[in-house]
Amino acid sequence: MENARSHQSEAIMVSIEAVSRSFKLPRAGKVRALDEVSATVRQGEVVVIIGASGSGKSTLLRTVNALERVDEGRITVNGIEVTNPQSNLNRLRANVGMVFQHFNLFAHKTALENIVLPQTVVLKRSRDEAVSRARELLSRVGIPEKADAPPGDLSGGQQQRVAIARALAMNPKVMLFDEATSALDPETVGGILALMRELADEGMTMMVVTHEMKFAEDVGSRIIFMDQGKIVEEGAPTMFFKAPDNERTKEFLNQIL
Amino acid sequence: MEYIAQFYNLRVVLNYADTFLQGIWATLWISAVCLVLSIVLGVLLAGLRMSKTGLLWRPAAAYIQFIRATPLLVQIYLVYYGLPELFGGVGILTETVSGIIALTLHTMPYMAEIIRSGIQSVDAGQHEAATALGLKRHQRMVLIILPQAFANVIPTLLGQTAVLIKDTSLLSLIAVFELMRAGLTVMHENVMPNEGLLTVAVCYLLIYAGMLVLSNVVQRRLHGGRYQPA
């Protein structure tokens, strides 16, 4: 099998420098969701972020396309500074595809229209061009026959396929997956992971938050393990799973493997 | 037979057919204008009400409470007699224009609150997905959030529209010629309350029935044929 790592180049796609973010919670008080986190993602890399719930992994992912603002630190994606208020965030977001745990398809639009809308509105593509691209992508993700179905008529797995197609339609430079398989039936998970693996094999730069350790080990170029808002361990999958350094990592791996 | 004719003389009513038709027409178009204005302005008011800036949401909330807390008739008189004082005296606005302004000012906050609940009923993920795809703030609102918000609250909006149509009857008190005024005319000219008022009631009922049919058509469209009429 061709390995995702063979696509890596030296170009830095995402750079996260000393990023911090705190939340005020009604009971727990101030929580530091990200505590001076730094990370780099090179072009073609698949960086898998793992950790327990509340470790900050989703927050980290969401800062990359500024769905979450940061208190301190600096993030650049493909040379554009996300954390600079002067940057055109909407332009940047079109370059960063995001796939959510709960799919978030536009409920009032058909599968096809979900993929057409952002192309015509954000990229100003003609309707004909957007429709043909959408049909091509629906075939690509394996459900061309569902073009006219509203999201409510699709299974979870099918909805996630449409969501992936919708993100790909924007020709993103980076794809972010935020627990993309966590809300799916066990028998559907494999199909979505296979699709993600295909994307990785084609050289897509990806940041993946997941609980699927097999995927992390097989597809990840690098694993980042987070705990309490910090990156406590980072390395190649073989190193990470066979010989973790950190006590907290060992504990986590013991619990889940 | 005679007894019935005494209670409700259809011949008299038919003599006034033109008057009633004129009244129905006025009620319909005044309602339609107020409906469109109060929904468009209601969206803006809902936007202000949902703002996180105190300077925006506090006045909006105060206005909504003021309208809810005061009688419509007082509001109509305030607009008709009071508003022109600000702009150089009574008579600057016609009765009909005053009526439309008053009813719009009155209906808008109710529409705004309905629209606000509709917006809040749309899943936060819809907004996030639209943001992540690079849609600008107004594009998210107009293309993603509002269509779903309206679809969710159509039955409530229709209820409020029925209230609006009935509220136009109060404009008869500032001499706007609409359905209620038509009924009052018939009643006063003939001293025949039933021929006037019963006819008016039946006309309102027919307007309401027509609106229900229309709303079922609209909802079937919006829900892609899966809507079951109540």
In Å and rounded to the nearest 0.5 Å, what is the CG to CG distance from B:Asp123 to A:Asn104? 6.0 Å
Region of [X] in contact with chain B, defined by heavy-atom distances below 4.5 Å:
X: A:Val122; value: side chain
X: A:Phe106; value: both
X: A:Arg166; value: both
X: A:Leu117; value: side chain

Can you tell me which portion of B:Gln126 sits under 4.5 Å from chain A's heavy atoms? Options are side chain, backbone, both or neither. both
So, the part of B:Ala130 with a heavy atom under 4.5 Å from chain A: the answer is both
Minimal non-hydrogen separation, B:Ala132 against A:Phe100, with atom names: CB-CZ, 4.0 Å
Chain B contacts, top residue of A:Arg91, A:Gln101, A:Arg62 (heavy-atom pairs, under 4.5 Å): A:Arg62
Between A:Leu176, A:Val121, A:Leu92, A:Leu123, who has the most heavy-atom pairs with chain B when the cutoff is under 4.5 Å? A:Val121
Min side-chain heavy-atom separation [X]-[Y] under 4.5 Å:
X: A:Leu67; Y: B:Thr131; value: yes
X: B:Ile144; Y: A:His108; value: yes
X: A:Arg93; Y: B:Leu133; value: no
X: B:Glu128; Y: A:Met98; value: no

Within a radius of less than 6.0 Å around OH of B:Tyr208, do more than 12 heavy atoms belonging to other residues, nucleotides or ligands occur? no
Check whether more than 12 heavy atoms from other residues, nucleotides or ligands sit under 6.0 Å from atom CG of A:Leu25, and answer yes or no. yes
